[in-house]
Amino acid sequence: MKERVVYRHLKRVNGEEIDIVIEDGIIAEITGAGQARGDREWDGTDLYVSSGWIDMHVHAFPEFDPYGDEIDEIGVKQGVTTIVDAGSCGADRIGDLVASGKRAETNLLAFLNISRIGLKRIDELSELAWIDRELLKAALADYRDSIVGLKARISQSVVRENGVTPLRISRELSLETGMPLMVHIGSAPPDIREVIPLLQRKDIITHYLNGKANNLFDEAGEPLPVLTEAIGRGVHLDVGHGTASFSFRVAEAAKRQGIHPDTISTDIYRGNRLNGPVYSMANVLSKFLYLGYPLEEVIAAVTTRAAQWLGREELGRIQVGDPAHLTLFAVKEEPVELVDSEGERRVSNRRIEAKGVIVHGKFIECKVRA
């Protein structure tokens with residue numbers, strides 16, 4: 001007989017209090033608070049529940065230094081039930097990444113780096129010979145269930161003398177394979193005004209709130225025309241906080257202009273998890289509460305909107321009959337110091353704290369340092 005576990009008195013982000021019954025890893029019943037019955041009960045008073053958080057930009061291949069970490073350290077222990085590795089691996093190592101994902105508690109998806117070597121080196125697009133079209137297509141065929149798109153890091157330290165050429169090749173590969181692009185933006189060359197026009201509907205700009213000289217906003221905080229045109233084409237805006245890619249100043253300018261993130265992601269790996277400025281998904285989400293975004297919008301950016309982009313709607317909802325992928329979290333009304341990638345510090349009076357996840361039929365307590 002299946003055990004019925006009741007998670008009681010949980011709050012949705014709209015304030016509605018509910019009980020959720022889980023049997024054999026499946027959501028069996030959703031009732032008003034205090035109404036459900038089960039074999040075991042878990043009291044969630046004062047906690048919020050959402051579908052499991054999805055981090056659209058992480059680096060989860062620990063063999064590659066500096067951009068790597070253990071899957072569950074940046075997944076379930078952070079309150080994140082699904083991570084999307086953002087191009088740590090190209091065709092050479094994507095099989096190893098997928099295999100490690102099958103051993104983890106966290107669900108793993110991935111963008112395939114267009115460079116076969118991935119982040120084995122951090123100038124992975126400095127040699128065009130490392131873009132092996134046939135190997136890339138073979139990897140897509142072998143791991144199509146896990147790969148959600150192609151990743152190209154288009155900044156000077158990565159492409160070296162190749163400018164926008166790797167992105168033009170990426171666009172060709174995207175059209176040939178039907179896979180959207182996630183494009184990392186950063187320091188010039190190439191100039192951002194060369195990069196963004198090559199992106200199409202459903203492609204992702206990650207690091208769109210970076211404060212580097214080559215960013216998407218002018219000195220007055222106005223969006224560059226290439227950005228507003230890209231939004232009009234349906235290009236997706238992802239935060240990708242990272243060590244060097246989130247600026248409070250730019251984020252405030254974007255909010256004034258009504259240019260909100262489609263998804264909030266961390267670009268987390270061991271270094272910026274342990275030493276900041278990222279620390280955790282909850283820490284990054286707290287920055288958007290500080291910026292004045294409502295809780296509902298902040299959580300949607302790591303649940304429903306991420307799930308919609310992935311084409312996996314079930315990951316972004318709480319519905320009877322679905323596998324239980326849930327995140328339990330608190331919103332603390334207390335001061336917290338937050339720091340961006342420029343070293344700028346702000347004090348917020350609210351913070352989000354991940355408490356636990358329910359995934360693969362079990363409750364896992366979160367272990368977050370900040």
Side-chain angles (χ1 to χ4, degrees), residues 55-78 80 83-106 108-132 135-136 139 143 146-147 150-160 162 166 182-187 206-207 210 212 238-246 265-281 283-284 339-343 367-370:
D55 194 337
M56 289 282 288
H57 186 151
V58 308
H59 290 289
F61 196 66
E63 290 182 44
F64 287 165
D65 185 62
Y67 303 133
D69 207 344
E70 301 293 337
I71 291 172
D72 287 337
E73 291 294 332
I74 55 179
V76 291
K77 292 182 182 180
Q78 299 264 345
V80 175
I83 61 172
V84 187
D85 184 279
S88 297
C89 295
D92 287 351
R93 300 299 301 273
I94 188 65
D96 296 325
L97 175 65
V98 171
S100 66
K102 295 185 187 307
R103 297 189 294 269
E105 298 287 357
T106 309
L108 178 133
L109 299 168
F111 288 92
L112 179 67
N113 198 309
I114 66 158
S115 171
R116 62 178 295 174
I117 70 170
L119 297 185
K120 183 178 181 180
R121 295 172 54 133
I122 60 172
D123 61 350
E124 75 271 17
L125 293 176
S126 62
E127 294 287 345
L128 296 181
W130 291 334
I131 306 176
D132 188 313
L135 271 182
L136 180 142
Y143 303 106
S146 298
I147 296 172
L150 305 178
K151 174 72 181 292
R153 300 199 308 140
I154 307 298
S155 57
Q156 200 279 327
S157 62
V158 181
V159 301
R160 300 295 187 191
N162 287 326
M182 174 184 270
V183 175
H184 148 125
I185 59 172
S187 299
T206 192
H207 309 317
N210 80 78
K212 298 171 184 177
D238 177 66
V239 171
H241 186 303
T243 301
S245 298
F246 174 80
S265 65
T266 60
D267 184 18
I268 197 169
Y269 49 88
R270 186 179 297 104
N272 64 31
R273 172 172 63 85
L274 296 176
N275 305 314
V278 174
Y279 295 112
S280 68
M281 173 60 87
N283 185 274
V284 174
V339 60
D340 70 3
S341 298
E342 312 284 309
K367 298 177 181 178
V368 177
R369 296 179 68 252

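All figures in this text were calculated on a predicted structure; none of them were measured in a lab. Positions are given from 1 along the sequence.
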*Non-hydrogen atoms of Ser88 and Ala60 that approach each other most closely*: OG-N, 3.8 Å

_Can you confirm whether His241 sits close enough to Asp267 that some side-chain heavy atom of one is under 4.5 Å from a side-chain heavy atom of the other?_
no

*Any side-chain heavy-atom pair from Asp55 and Gln78 closer than 4.5 angstrom?*
no

*So Ile117 and Glu127, side chain to side chain contact (heavy atoms under 4.5 Å, CB included) or not? Walk me through it.*
CA-CA 11 Å; Ile117 70 170; Glu127 294 287 345; over 6 Å; no

_Close side-chain approach of Lys212 and Ser245, heavy atoms under 4.5 Å_ = yes

*Is the shortest distance from a Lys or Arg side-chain nitrogen in Lys77 or Asp72 to a carboxylate oxygen in the other one below 4.0 Å?*
no

_Return the CZ to CG distance between Phe61 and Asn113, rounded to the nearest 0.5 Å._
12.5 Å

*Just wondering, more than 12 heavy atoms not from Leu128 lying within 6.0 Å of its CG?*
yes

_side chain to side chain contact (heavy atoms under 4.5 Å, CB included) evaluation trace for His59 with Asp69_ = CA-CA 6 Å; His59 290 289; Asp69 207 344; over 6 Å; no

*Counting distance only, does the side-chain N/O of Arg153 pair as donor-acceptor with the main-chain N or O of Ile122 below 3.5 Å?*
yes

*Any chance you could measure Glu70, atom CD, to Thr106, atom OG1, to the nearest 0.5 Å?*
11.0 Å

*Atom NZ of Lys151 and atom CG of Leu112: how far apart are they, to the nearest 0.5 Å?*
11.5 Å

*Take Leu125 and Asn162 through the side chain to side chain contact (heavy atoms under 4.5 Å, CB included) test and state the conclusion after the steps.*
CA-CA 8 Å; Leu125 293 176; Asn162 287 326; 5.6 Å; no

*Under 4.5 Å between any side-chain heavy atoms of Val158 and Asp123, yes or no?*
no

*Measure the shortest side-chain to side-chain distance between Ile268 and Val284 over non-hydrogen atoms and say whether it is less than 4.5 angstrom.*
no

*Got Thr243 and Tyr269 here, is their nearest side-chain heavy-atom distance under 4.5 Å?*
yes

*Report the distance from atom CD1 of Ile147 to atom SG of Cys89, rounding to the nearest 0.5 Å.*
10.0 Å

*Which word best sums up how the rings of His207 and His57 line up, parallel for under 30°, tilted for 30 to 60°, or perpendicular for over 60°?*
tilted

*Any donor and acceptor pair, going by atom type alone, linking the side chain of Ser155 with main-chain N or O of Gly186 inside 3.5 Å?*
no

_4.5 Å side-chain heavy-atom contact, Ser146 and Ile94_ = no

*List the steps and the verdict of side chain to side chain contact (heavy atoms under 4.5 Å, CB included) for Val159 and Ile154.*
CA-CA 6 Å; Val159 301; Ile154 307 298; 4.2 Å; yes

_Nearest 0.5 angstrom please: Phe111 CZ to Asp85 CG, how far?_
10.0 Å

*Does a side-chain heavy-atom distance below 4.5 Å link Arg93 with Lys120?*
no

*Looking only at heavy atoms, what is the nearest atom pair of Gly101 and Leu108, with distance?*
CA-CB, 4.1 Å

